[in-house]
Amino acid sequence: MCDSTQQNDFEVPAYDAQAIETKWQKTWEDEELYKTDEDPSKPKKYVLEMFPYPSGDLHMGHARNYTIGDAMARQARMRGYDVLHPMGFDAFGLPAENAAIKHHTQAAKWTYQNIAQAVKTMKRMGFSYDYDRMFNTCDPEYYKWGQWMFIEMWKRGLAYRATSPVNWCPTCKTVLANEQVVEGRCWRCGSIPEKRELSQWYLKITDYAQELLDDLDKLTGWPENVKAQQRNWIGRSEGAEIDFKLAAEDGVTPTDRTISVFTTRADTIFGVSFMVLPPESDLAAELVKGTRYEADYKALKAATEKVSSVDRQGSAREKHGVFTGRYVINPVTGKPAPLWVADYVLLDYGTGAVMGVPCGDQRDFDFARKYGLPIPPIICQKEDPLYEELKDERELRVTNVDWDHAMAAEGYLVQSGQFTGMKGGKHSEAVDAIVAWLEEHGCGRTKVQFRLRDWLISRQRYWGNPIPMVHCDCCGDVPVPEDQLPVRLPDNLDLGAGETLAECPEFYETTCPKCGKPAKRITDTMDTFTCSSWYYLRYTDPHNDEAPFSKAAVDRWMPVDNYIGGIEHAILHLLYSRFWTKVLRDMGMVDVDEPFTNLLCQGMVKDENGDTMSKSKGNVVPPSSVIDPYGADTMRLAILFVAPPEKDFDWDPEAVAGANRFIKRAWRVVWLISHGAKRGEVDASKLSGASAELNRALHELGIKCTNDFDRGQFNTAISASMELVNAASKYVNDVPEDNRDAALSWRVAHDIVTMLAPICPHWAEELFHEALGLSGSVYNEPWPEFDAEQAKSDMVEIAVQVKGKVRARIKVAADASKEELEAAAREAVAEQIAGKTVKKVVVVPGRLVNIVAI
RNA sequence: GGGGGCGUGGCGGAAUUGGCAUACGCAGGGGACUUAAAAUCCCUCGCCGAAAGGAUUGUGGGUUCGAGUCCCACCGCCCCUACCA
């Protein structure tokens, strides 16, 4: 299939990708080439790709992810770093369990089969993982430590059990964390979750909300959009908590009962025309009980429960509410406001109660319009005619507006007592003044509210890490003693027959570790995201059976310097891991505050038409479809060359063919230029003509390639290598072998091989040995040094502009003075500036001369 | 509604601090080799124009000697998020 070329009186061997790749993969494995060195004299670099879920063989997305990481890791090694580059499998999860149910087999079996296949493909791609450090999260040696950490968190009050309404996925038959309800649907199966009241286990991520938010600013190596997504998710909001007294049934007399609201707009308190509770509110149920309002309330509550989380989305949705028959007393004005129940209020945000200010909030406005509640103007734009009328008005005189929208965020207070005339808005002087007043009178206080909820980690599924707790009727929840860890998953369940841990007495029947009486194990397992929240720490010390990892190992390697993975984990995995790291830091187990210094979210690989690849669409391009005809090196090159790593790209078979053409061309050029060449010092001062030009190109392009690797811009690093191959090809064509500089030729051949080695390792290894005659491995070859001085040429072409437009190009000595440049430039454009006055001349050496003539 | 990002030839994309826009590649055109084809090699290749030349980085304005790059407004696209009070 591959040709040989008859040129320069010598035959270039054919490039046989399959033979070369098979040969070197075997050698690398036999020689354990990719074993981590652990050489403390070198600076460390920890390169990590997000480990895969073994749902089958690897797909294009994995191939891209790992190719990027592998190129980084290999180049870092050549640059003299001690590199940790591990891989493993995020092996717990539902697909394994579902497959086991379907085929009446064991989840473990399905999982380990898939892992074996994925590892085979990884090796076939030539990835430089330290396979000795590989582990799977479903290995008891690993999940034992996840259980241990859970117990440590429990001891510190960071893990707890609580009963509250949770998202239950009817398809996956388990609860979900808030983060796992994406656009109102289950992140895994797309079903619409139901709300259920259940006793579940949580991790107290909210304790770290502020730090998780603040430390985002430290993450200068993270993409802006990921940080923005996390900020939004954490959702910090500064406001005030304000206490309203519940009025007695007469509607005016204050009682001792208080309902507090959270608001970011305390400045609008004079505009409160009602208060709203959510339909799930226990207080609302209690207040309407036995009244004539009860029936309407119950109907609303039932209707709300039927509306799915998907339908609840969108601000266009109509609001529904019912009056409770009761009133609350505005603490500032002392006036009563009716208490309503409405479906636009969320039970679990803020205090679960909202003060209704139709003038200042669009939702309240819509609600007031629908139910005929007053809309008193208390904030105005200065342009509004109402402002002139009310600007000095302290009492509530006008009780309704004819606006069709709530007042915009900012304006000036009117009809607001002593605060009238102040500027209102979020974080405004009016807010400060009113909150100060509330604090003084003991009925309000500043409050910081987060949107982030605690992390619900229990799952009612088999294939996960068991929660290592025992429930005893006498002692309550008791942790499993450390010497009994791990709590092992039983492997004799017949999942196909619908058996679960909750129905497996051999699993759950036990005795209380505290009092010894019969007790029951918790049969929930932990969210798989707990397993992936610390795996990067385990790689530093994967065989440790006395601790999750040693302090020394984790201190040596953490933080991860380059973390590469998909954007879909912007919140989920990346937020959980940050939390977990901070918890372990507070336990004294790690020193770092943040686990991942630089984050690269690679783009998606789509099909030829720009559609996402999926089995159901039948448009999946498997990696083998490229590796089989062209080899792994072509695959790797094509993936990295076609687009910058963070961008999506559409799969293009022509681009793959092009990558293969380049590899073959570069192969031949390396062979040709290295023929008759000799390793030795290149004396740049003795080079002339084509040799001098080639040497100059070598250093220029070498610097560019090196910089591009540093920036993670593999596509341009490759284009620099291509230019060098082109330059070498021209040299070989134009200069007979006898006239070539032997040392330079050797160096160019060598540098092309080393510059492409991180990307096309098999190709490079073969040339390293066969064309260059070197021994060892190109993996251990130091990255070449390039010299900026030698990249400069004697003569440069610069542009001559007249008033910013290029009018001529002149060749000048590279070291010409500004005066010389200006003189040469004036001469070059003499015609254009004739008869004009030169007002200014800008000289940028090496680039251009701009003559401003009028 | 809120947040983040993007807009450059037929296509993927380059242009590191404001300094010769379109590097590198794909596709296209021409040629060499071949009985022929494939492969390979060489040349050519953004737009209008015969040419001289001109216009050009979504649109309009601004700053500057000079703007793809900075500022303002608008148009279009993508992603995330959402009754968050």
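Letters go in sequence order (proteins before strands), and every chain restarts at 1. Everything numeric here is computed off the predicted structure, so don't read it as measured data.
Taking atom CG on Asp648(A) and atom P on G12(B), their separation rounds to 13 Å, with Å as the unit. Put simply, CG on Asp267(A) is 14 Å from P on A85(B), counting in whole angstrom units. At whole-Å resolution of the value, CG in Leu821(A) and P in C65(B) are 21 Å apart. Rounded to an integer number of Å, the gap from CZ of Arg236(A) to P of G3(B) is 18 Å.
Annotation: G60(B) and G7(B) have their C1' atoms spaced 16 Å apart (nearest Å). Rounded to whole Å, the P atom of C42(B) lies 44 Å from the corresponding atom of G5(B).
When distances are taken from the side chain of Trp233(A) to each of U81(B), C83(B), C20(B), the shortest belongs to U81(B). Side chain of Val345(A), nearest nucleotide from G19(B), A14(B), A85(B): A85(B). Distance from the side chain of Val852(A) is smallest for C65(B) among the nucleotides G25(B), A85(B), C65(B). With G19(B), C83(B), A21(B) as the choices, the nucleotide that has an atom nearest any side-chain atom of Leu848(A) turns out to be G19(B). Of the listed nucleotides (U81(B), G12(B), U40(B)), U81(B) has the atom at the smallest distance from the side chain of Arg451(A). Ranking C26(B), A23(B), G19(B) by closeness to the Arg847(A) side chain, first place goes to G19(B). Listed candidates were A55(B), C26(B), A23(B). Nearest to the side chain of Asp652(A) is C26(B). Side-chain atoms of Val842(A) lie closest to C65(B) of the nucleotides G25(B), C65(B), C80(B). Distances from the side chain of Asp343(A) to the nucleotides C83(B), G4(B), C65(B) place C83(B) closest. With distances taken from any side-chain atom of Arg668(A) to the nucleotides C41(B), A14(B), G19(B), the minimum falls on C41(B).
Distances shown here put a side-chain N or O of Asn733(A) below 4.0 Å from the OP1 or OP2 atom of C42(B). The phosphate of C26(B) has OP1 or OP2 within less than 4.0 Å of a side-chain N or O from Arg661(A).
In this structure, Ile639(A) CD1 and Thr634(A) OG1 are separated by 11.0 Å, a value rounded to the nearest 0.5 Å. Here the CZ atom belonging to Arg265(A) is positioned 5.0 Å from the CD1 atom belonging to Ile379(A), to the nearest 0.5 angstrom. Leu694(A) contributes atom CG, which lies 6.0 Å from atom OH of Tyr731(A) (distance to the nearest 0.5 angstrom).
Among the atoms of the strands shown, only primed sugar atoms or phosphate atoms (P, OP1, OP2) are found under 4.0 Å from some heavy atom of Asn726(A). Contacts of Lys426(A) with the nucleic acid, taken as non-hydrogen atoms under 4.0 Å apart, involve only primed sugar atoms and P, OP1 or OP2. Using a 4.0 Å heavy-atom criterion, one finds that Lys803(A) contacts no nucleic acid atom at all. If you check every strand for non-hydrogen atoms under 4.0 Å, Phe262(A) touches a base.
Under the 6.0 Å distance and 45° angle rule, Lys319(A) counts as a cation-pi partner of Tyr344(A).
Within 3.5 Å, a donor on the side chain of Lys319(A) pairs with an acceptor on the base of C83(B), or the reverse.
With a glycosidic angle no more than 90° from 0, G9(B) adopts the syn conformation.
For the pair Ala228(A) and Ala353(A), both in contact range of RNA chain B, the more 5′-proximal nearest nucleotide belongs to Ala228(A). Nearest-nucleotide positions on RNA chain B place Phe662(A) closer to the 5' end than the other of Tyr349(A) and Phe662(A).
Using modelled atom types and a 3.5 Å distance limit, the side chains of Arg236(A) and Gln449(A) yield no donor-acceptor pair.
Within a 6.0 Å radius of NZ in Lys803(A), other residues, nucleotides and ligands contribute 12 heavy atoms or fewer. Within a 6.0 Å sphere centred on NZ of Lys606(A), other residues, nucleotides and ligands contribute more than 12 heavy atoms. Shown here is Lys839(A), whose NZ atom has no more than 12 heavy atoms of other residues, nucleotides or ligands within 6.0 Å.
Consecutive Watson-Crick or G-U pairing (both distances under 3.5 Å) extending over three or more pairs maps onto RNA chain B as B:1-7 with B:75-81, B:10-12 with B:24-26, B:28-32 with B:40-44, B:58-62 with B:70-74.
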Cut-off 3.5 Å, no hydrogens considered: what does the side-chain donor-acceptor table look like for residues 644-653 of chain A, sequence neighbours left out?
unit_1: Asp648(A); atom_1: OD1; unit_2: Met604(A); atom_2: N; d: 2.7
unit_1: Asp652(A); atom_1: OD1; unit_2: Glu654(A); atom_2: N; d: 3.0

